[in-house]
Amino acid sequence: MASLEIDFGEDFLSDLLDADTNRLCEEMLTESAAILETTLKQETNRAVKHPGESELAESVKAGKAKRAKNGAYIVNVNFKGNSAVKKYTAVSGKRRKYLVSNALKAIWKEYGIPGRQAPHPFINMSVRKAEPQISAKMQEIYNRRTGIT
């Protein structure tokens with residue numbers, strides 16, 4: 001059976017408890033969301049094959065950090081709005097056309113459409129690319145807030 005022991009410094013816990021954790025979490029998430037937003041826009045531009053779909057990258061927006069009901073802090077980085085180019089035709093009694101949301105276009109791009117479009121996993125790629133930068137940014141903010149140099 002495996003065992004793991006972590007030896008924190010004597011001042012680690014006191015530094016953590018002295019910090020305003022609510023403000024710390026919000027600041028970390030706000031600055032990290034900006035990094036993910038930039039990376040997601042870059043990867044979206046790489047995944048887009050047709051010039052008419054360029055609005056997809058511009059629709060990426062980072063929300064504000066907030067506290068969820070369960071106490072966790074969250075921030076959403078989403079594709080906002082509807083496509084001005086693509087329309088979806090409903091196959092019901094009426095042949096009515098609906099605007100396609102940019103989020104749905106991103107899902108189609110990420111996972112593909114069976115028999116029509118191959119998947120281009122750009123969302124997972126952008127998260128993997130942004131992860132080291134986000135970790136470094138969060139560590140920098142933590143060090144700044146707790147006074148660790």
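Computed over heavy atoms, backbone and side chain alike; hydrogens, waters and symmetry mates excluded. What you see is a predicted model, and the numbers here were worked out from it, not measured in a lab. Starting from 1, each residue takes its place in the sequence as its number.
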Short side-chain donor-acceptor distance under 3.5 Å, S83 and E55
yes

Working for salt bridge (charged side-chain N to carboxylate O under 4.0 Å, His left out), residues K137 and E140
CA-CA 5 Å; K137 179 56 96 175; E140 174 191 323; 3.7 Å; yes

Between NZ of K41 and CZ of R46, what distance do you get to the nearest 0.5 Å?
14.5 Å

Tell me the closest heavy-atom pair linking M28 and Y142, and the distance in Å.
CE-CB, 3.5 Å

Heavy-atom closest pair, residues L36 and A130:
CD1-CB, 4.0 Å

Out of curiosity, I141 CD1 to R23 CZ, how far, rounded to the nearest 0.5 Å?
11.5 Å

Of all the heavy-atom pairs spanning K109 and F122, show the shortest one and how long it is.
CB-CE2, 3.4 Å

Does any N or O in the side chain of K61 come within less than 3.5 Å of the main-chain N or O of E58, such that one atom is a donor and the other an acceptor?
yes

So, for T30 and A65, which heavy atoms are closest and what is the spacing to 0.1 Å?
OG1-CB, 3.8 Å

Nearest 0.5 angstrom please: K66 NZ to N76 CG, how far?
6.0 Å

Please name the pair of heavy atoms, one in S126 and one in T39, separated by the smallest distance, quoted to 0.1 Å.
O-CG2, 3.4 Å

Interatomic distance, CD1@I134 vs CG@L29, rounded to 0.5 Å, equals 9.5 Å

Would you call N22 and Y73 a side-chain contact if the rule is heavy atoms closer than 4.5 Å?
yes

Run the side chain to side chain donor-acceptor pair (under 3.5 Å) check on N143 and Q139 step by step: do they pass?
CA-CA 6 Å; N143 292 346; Q139 186 65 50; 2.9 Å; yes

Got a second to check how far I74's CD1 is from C25's SG, nearest 0.5 Å?
12.5 Å

Is any NZ, NE, NH1 or NH2 atom of the basic residue among E131 and R128 found under 4.0 Å from an Asp or Glu carboxylate oxygen of the other?
no

Could you tell me whether a side-chain N or O of N102 sits under 3.5 Å from a main-chain N or O of L56, the two making a donor and an acceptor?
no

According to a hydrophobic-cluster definition based on side-chain heavy atoms being under 4.5 Å apart (Ile, Leu, Val, Met, Phe, Trp, Tyr only), do I113 and V100 belong together?
yes

Can you tell me how far apart CD1 (I123) and NE2 (H120) are? Round to the nearest 0.5 Å.
12.5 Å

Which atoms form the tightest heavy-atom contact between E110 and P119, and what is the distance?
O-CB, 3.5 Å

L40 reachable from M125 in the ILVMFWY side-chain graph, under 4.5 Å edges:
no

